[in-house]
Amino acid sequence: QVQLVESGGGLVQAGGSLRLSCAASGRTFSSYAMGWFRQAPGKEREFVAAIRKSEARTYYANSVKGRFTISRDNAKNTVYLQMNSLKPEDTAVYYCAARYDRDSTGVTGPHVYDYWGQGTQVTVSS
């Protein structure tokens, strides 16, 4: 069982930055693929970014590519999402997710993840 706790959300003006953190419990964090998803009111949950157990392999939604950066610190059991040049359309609840990483499994679909955090609100004002 893995427990995930997100933090770092808040209110920011357009063009600003936030860094989200997701702290994971358990001793096998380094074996997990980690993802960030977001859900705006009235919309489906959508993929934002993911990172495999190998830190060199990262994935991004086209809408955030070049603005957001996902990273992980296995020593701290934590995954981060650095969000720069924020836009009002980035407003959503952001969720962290985890799954045991297998090369044969994709990491961009919410259905592949086994564990989810409670979410943190990000609001970008215009």
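Bear in mind the structure is a predicted one, so any value in this text is a computation, not a measurement.
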Separation of [Y] [atom2] from [X] [atom1] (nearest 0.5 Å):
X	Y	atom1	atom2	value
R38	E44	CZ	CD	14.0 Å
T28	K53	OG1	NZ	11.0 Å
T123	D90	OG1	CG	11.0 Å
S30	D73	OG	CG	11.5 Å
T78	M34	OG1	CE	9.0 Å

Could you tell me whether the side chains of [X] and [Y] share a donor-acceptor contact shorter than 3.5 Å?
X	Y	value
R67	Y60	no
R19	Y80	no
N84	S17	yes

Original post:
Parallel under 30°, tilted from 30 to 60°, perpendicular over 60°: which one fits the rings of F68 and Y94?
Top reply: tilted

Subject >> Cationic tip of R72 above Y32 ring, under 6.0 Å, 45° of axis >> reply: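 No - R72 does not lie over the ring of Y32 by the 6.0 Å and 45° rule.
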
Kindly give the heavy-atom pair with the smallest separation between [X] and [Y], and that separation in Å.
X	Y	result
Y113	A33	CE2-O, 3.9 Å
Q118	V5	OE1-CA, 3.8 Å
L4	C96	CD1-O, 3.6 Å
W36	L20	CH2-CB, 3.7 Å
Q39	K43	NE2-O, 3.1 Å
P88	S126	CG-CB, 3.8 Å

Within the 4.5 Å heavy-atom criterion, are [X] and [Y] side-chain neighbours or not?
X	Y	value
F47	P110	no
V64	K87	no
Q121	T91	yes
L81	T69	no
Q1	Y115	yes
K65	Y59	no
V124	V122	yes

Subject >> Single-linkage hydrophobic cluster, 4.5 Å side-chain cutoff, I51 and L18 together >> reply: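 Yes, same cluster.
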
Original post:
Would R57 and D101 pass as an ion pair if we require N to O under 4.0 Å?
Top reply: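 No salt bridge links R57 with D101.
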
**OP:** Answer yes if the ring centres of Y95 and F37 are under 6.0 angstrom apart, and no otherwise.
**Re:**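 Distance test on ring centres: not under 6.0 Å, no.
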
